[in-house]
**Q** 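I'd like to ask some things about the structure below.
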Amino acid sequence: MSDTENMQEFLKHYQIAEQLIAQKSKAELAKCARLLAMNLAKYQICYGAISNESRESIGTVNIQLEAAEVLAAGMKELVATLNLLAASETVGDPQRIIH
């Protein structure tokens with residue numbers, strides 16, 4: 001996929017994520033954050049820590065096209081995780097998440 005196509009994919013999934021976020025409860029969003037945090041922790045264990053520069057760039061308007069593929073994949077993951085919540089019954093019960 002070209003950088004431009006990746007950017008279009010990112011923007012499409014960003015809009016979908018915004019719609020899903022507006023529909024979710026605080027508890028569902030907290031669960032989503034926990035699931036994504038576990039994914040990030042696993043990544044960092046395997047590949048090393050995320051730089052402060054990368055963390056600070058989150059939410060900036062000026063997106064470099066080279067990062068478009070990563071951004072698109074991240075938004076797809078967020079949308080998939082938010083959609084997963086609809087089928088999940090473990091919100092608020094950490095024991096059910098562990099077992």
**Q** Who passes side chain to side chain donor-acceptor pair (under 3.5 Å) against Glu5, sequence neighbours left out?
**A** Ser2

**Q** Could you tell me the separation between the CG atom of Leu11 and the CG atom of Asn6, rounded to the nearest 0.5 Å?
**A**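 Rounded to the nearest 0.5 Å, the CG-CG separation comes out at 11.0 Å.
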
**Q** Could you work out, with side-chain contact (heavy atoms from CB on, under 4.5 Å) as the rule, every residue matching Gln15, not counting sequence neighbours?
**A** none

**Q** Tell me which pairs pass ring-ring contact (aromatic ring centres under 6.0 Å, His included) where either residue lies in residues 22-46, with sequence neighbours left out.
**A**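 Counting only pairs at least two positions apart or across chains, the ring-ring contact (aromatic ring centres under 6.0 Å, His included) contacts touching residues 22-46 are Tyr43-Tyr47.
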
**Q** Can you pull the salt bridge (charged side-chain N to carboxylate O under 4.0 Å, His left out) pairs that have at least one residue in residues 70-84, sequence neighbours excluded?
**A** Glu9-Lys76

**Q** If the condition is side-chain contact (heavy atoms from CB on, under 4.5 Å), which residues does Glu18 pass it with, not counting sequence neighbours?
**A**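 In terms of side-chain contact (heavy atoms from CB on, under 4.5 Å), with neighbours along the sequence ignored, Glu18 is linked to Tyr14, Ile21.
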
**Q** Under the criterion side chain to side chain contact (heavy atoms under 4.5 Å, CB included), which of Leu29, Thr81, Asn83 is the partner of Leu20?
**A** Asn83

**Q** As an exercise, state the distance from CE of Met7 to OG1 of Thr4, rounded to the nearest 0.5 Å.
**A** 8.5 Å

**Q** Dump the intermediate steps for side-chain contact (heavy atoms from CB on, under 4.5 Å) on Leu78 and Cys32, then the final yes or no.
**A** CA-CA 8 Å; Leu78 176 58; Cys32 181; 3.8 Å; yes

